[in-house]
Amino acid sequence: MKITYLSGNNDDATFITVSGNNYTVHDGNYREITITDGAIIGASVPSGYAGRASFNNDEICLCTRQYRAPQFYLFGLKNKKAKNPSFFQKGACSLKVIYPVNISNLNNPEDIITLQALQGIIAQNSQNQLFLYNTQDSYYVPTEKDNDKGLNTADEFWLNYITKDDKGPKFCVKPTITLEDAIREFKDYIKGYSIYRLNDSNSMNLAASYAGLTGYIPLTQEQYNEYNSLLTSLGITDTITIDGNTGNFFNKYKNDLDQNMVFELNPTTSGNMPRDYAAMNKALVCYSSSSDDMKDILGKFSSPIAVFGWNTGNFDEKEFISTVSNAGDFVVPCDWGQNLSILSSSGSAQIKANQSPMPQITYDQNKKYVTFLVSDGDNLQLWLNTANDERWWGNNYRTNKNIPVGWTIPPAMYYLTPDIWNYYMKTAVEDGKGNDEFIAGPSGIGYTFGGVANNNTAFNAQLNYFNTYMQNSGISVATLYGNNDWTNTAYLEGVIGLSNIKGGFYFDMNQWPPVAKDTEVKFFNNRPIMYANAYLTDENHVNWDNDFVAVYVLKNISGPGSGSGVFIMDDIQKAVQGMPSNFVVVSPSQMVSILSQAHQAGKI
């Protein structure tokens, strides 16, 4: 076993090797100290310095963000694994009381930033928390049943759902309040206010980070003019001005910032973003202006970290994901995912996915097989904001069909929104007739490309986290996105070779959208990964000459009655009706089984 300490200055690296029952400490001065078994391992880190540990097989890596080696002590290491980094922090206070806030008609458009920051501050300290909701959403189409209940937006749908369970009311829900009401109600947690500048690109984002670090709510000058008398009457008078220099901000507060996550959020967009979750976790919020800028920011942290949000305003998706992957990190797409602070604080236990497993299927060489993969499921916000939309999960074809369909779902949802996770798991069984199967969204614990495999330590930490998730969640099929990574064996085998995975599907961003092509399958540890070889569009780009077809179905609702993926269950139904008679529709896990059987029969 080798235990490595990585400091900010590699010249000061400290590591510990284990031989038999002896541990040898090698510090930055290259001194060696041998300590026998039975002593304990731990690092004495100077006050204010954050640290973490990750475990991979027989190697433990201890990382702190300081620039000199720590004092090291050994205690109780034998048979004890170090804890993986916690990428998905739950709220510190278990939720009891919900204060809804209607954000559809705010006095000032920047009030949403103040509310999001206040949400995060409160979630650090209280079981009474804010839930922000819209009553107007032109992108959401409620089912007729939900519309009759007045649940016209995803926010209203979830607020109604999470407040009760099978036994009755789950949380106490207060009457809707305003921002002014929230400031009065939670004044004890507000330590001051910061003034940020709208014309300073990152000032808004850093004000959200500062809120989590200090309890100072962010305000623009215009908001200050409006709320100053209220704040003064409550004794909230301390103030600071926030500029948009991310580097200076990090250098000043690096010892206090969370070391397992960073947020990429567009500062020109205020609404519905997860700044509440960033504030709750005291995380850095930024918006990189270029790939080099992002590399610099990610380089300030020890990989792997989770990059929450999205950034394709300054470069395209491939460059964004490649930059994060090459740093050893991963993306959790959620730039329109609000209320994560309160949703992660519910304390609800997750139920397992796929509780009505698909029946075993036997390969028949006289048959051909097709599976449908409904995706964009790497997006946490998609599952939050489409909810029971009648074009998607609430569609009649889903609840009345007999067609197996696979749905990619992000692992982050399991940890951060357990109640919403449970809703989908339950309704898949209750009204989906057991034909809905959940598979993991790309590309492991989060969205990456194959470049992540070049950082062996970070990649292994991600794989360990992902393997545990697969075991706990009840999901057994993975999806991987790549950037010309079909020949990247380390990447493909790293994921597909995990003990809790039966197989998977691969999509390449350099051939997007997927086009009709011949079947390609690779096997690692006798587990298949299939290159997605079809794309469901109005033209149905499917080559029915293939023996095995994996159809990518894009879930992308851009507005009522428009955009690809609208009424996707209708599209799948049409494809099934038009396919050759010798085809059998199977679930993703059944396709994985069929591929393995065909391989054993020498047909692949």
Side-chain angles (χ1 to χ4, degrees), residues 2-10 13 15 50-57 59-66 82-88 250 254 257-264 283-284 286 288 290-311 315 317-333 378 410-412 440-469 478 480-485 488-495 497-498 509:
K2 179 179 179 181
I3 304 163
T4 306
Y5 165 76
L6 301 176
S7 70
N9 182 341
N10 290 332
F15 62 93
R52 61 177 174 168
S54 59
F55 180 87
N56 173 45
N57 296 327
E59 181 173 346
I60 293 177
C61 180
L62 297 170
C63 307
T64 64
R65 300 305 301 160
Q66 65 181 87
K83 191 175 182 179
N84 274 325
S86 183
F87 303 119
F88 306 115
F250 178 84
K254 61 185 177 183
L257 290 166
D258 189 284
Q259 297 296 302
N260 294 318
M261 63 181 71
V262 68
F263 286 70
E264 284 276 343
L284 179 67
C286 58
S288 302
S290 66
S291 177
D292 287 340
D293 185 26
M294 180 174 289
K295 288 176 185 176
D296 179 65
I297 290 171
L298 297 179
K300 300 178 186 298
F301 297 85
S302 295
S303 60
I305 64 169
V307 179
F308 287 83
W310 196 248
N311 188 342
F315 33 85
E317 180 173 341
K318 286 194 293 185
E319 186 176 9
F320 173 42
I321 302 301
S322 293
T323 301
V324 174
S325 301
N326 293 338
D329 304 320
F330 62 91
V331 176
V332 181
D378 54 307
S443 305
I445 200 63
Y447 187 5
T448 66
F449 289 154
V452 68
N454 296 328
N455 187 326
N456 187 60
T457 300
F459 187 41
N460 284 333
Q462 291 190 37
L463 292 176
N464 289 334
Y465 209 107
F466 183 51
N467 200 36
T468 299
Y469 159 77
L480 283 82
Y481 277 17
N483 186 21
N484 284 329
D485 288 314
N488 188 335
T489 300
Y491 178 50
L492 302 182
E493 184 174 16
V495 176
L498 293 173
M509 288 297 294

* Structure fact -> Test side-chain contact (heavy atoms from CB on, under 4.5 Å), reference V324, set I305, V452, V307, output is V307

* To do: Determine the minimum heavy-atom distance between V262 and C286, stating which atoms define it.
  => CG2-SG, 4.1 Å

* To do: Supply the atom-to-atom distance N455 CG to N460 CG, rounded to the nearest 0.5 angstrom.
  => 9.0 Å

* To do: Could you please spell out the steps behind the side chain to side chain contact (heavy atoms under 4.5 Å, CB included) verdict for I321 and M509?
  => CA-CA 10 Å; I321 302 301; M509 288 297 294; over 6 Å; no

* When rounded to the nearest 0.5 angstrom, what is the spacing between OG in S325 and CD in Q462? -> 8.0 Å

* **I445 versus Y469, closest heavy-atom pair with distance** => CD1-CB, 4.2 Å

* Nearest-0.5 Å distance that lies between atom CG in N326 and atom CG in N483 -> 9.0 Å

* Verify, without hydrogens or angle tests, whether Q259 (side chain) and L257 (backbone) share a donor-acceptor contact under 3.5 angstrom. => yes

* To do: Compare every heavy atom of G328 with every heavy atom of P304, then report the nearest pair and how far apart it is.
  => CB-O, 3.2 Å

* Asked: If you measure from OH on Y491 to OH on Y481, what distance do you get to the nearest 0.5 Å?
  -> 10.5 Å

* **side chain to side chain contact (heavy atoms under 4.5 Å, CB included) evaluation trace for F88 with V332** => CA-CA 10 Å; F88 306 115; V332 181; 3.8 Å; yes

* To do: Report the relative orientation of the aromatic rings in W310 and F320; use parallel for angles under 30°, tilted for 30 to 60°, perpendicular for over 60°.
  => perpendicular

* Under 3.5 Å, is there a donor-acceptor pair between the N311 and S288 side chains? -> no

* Asked: Where does the angle between the aromatic ring planes of F449 and Y447 fall among parallel (under 30°), tilted (30 to 60°) and perpendicular (over 60°)?
  -> perpendicular

* For the residue pair F308 and F263, does the interplanar ring angle fall in the parallel (under 30°), tilted (30 to 60°) or perpendicular (over 60°) class? -> parallel

* Shortest non-hydrogen separation from L463 to L498 and the atoms involved -> O-CD1, 3.8 Å

* Mind running side chain to side chain contact (heavy atoms under 4.5 Å, CB included) on D485 and L480 for me, showing each step along the way? => CA-CA 9 Å; D485 288 314; L480 283 82; over 6 Å; no

* Of all the heavy-atom pairs spanning F315 and S290, show the shortest one and how long it is. => CE2-C, 3.3 Å

* To do: Considering non-hydrogen atoms only, spot the tightest contact between F250 and L284 and give its length.
  => CD1-CD2, 4.3 Å

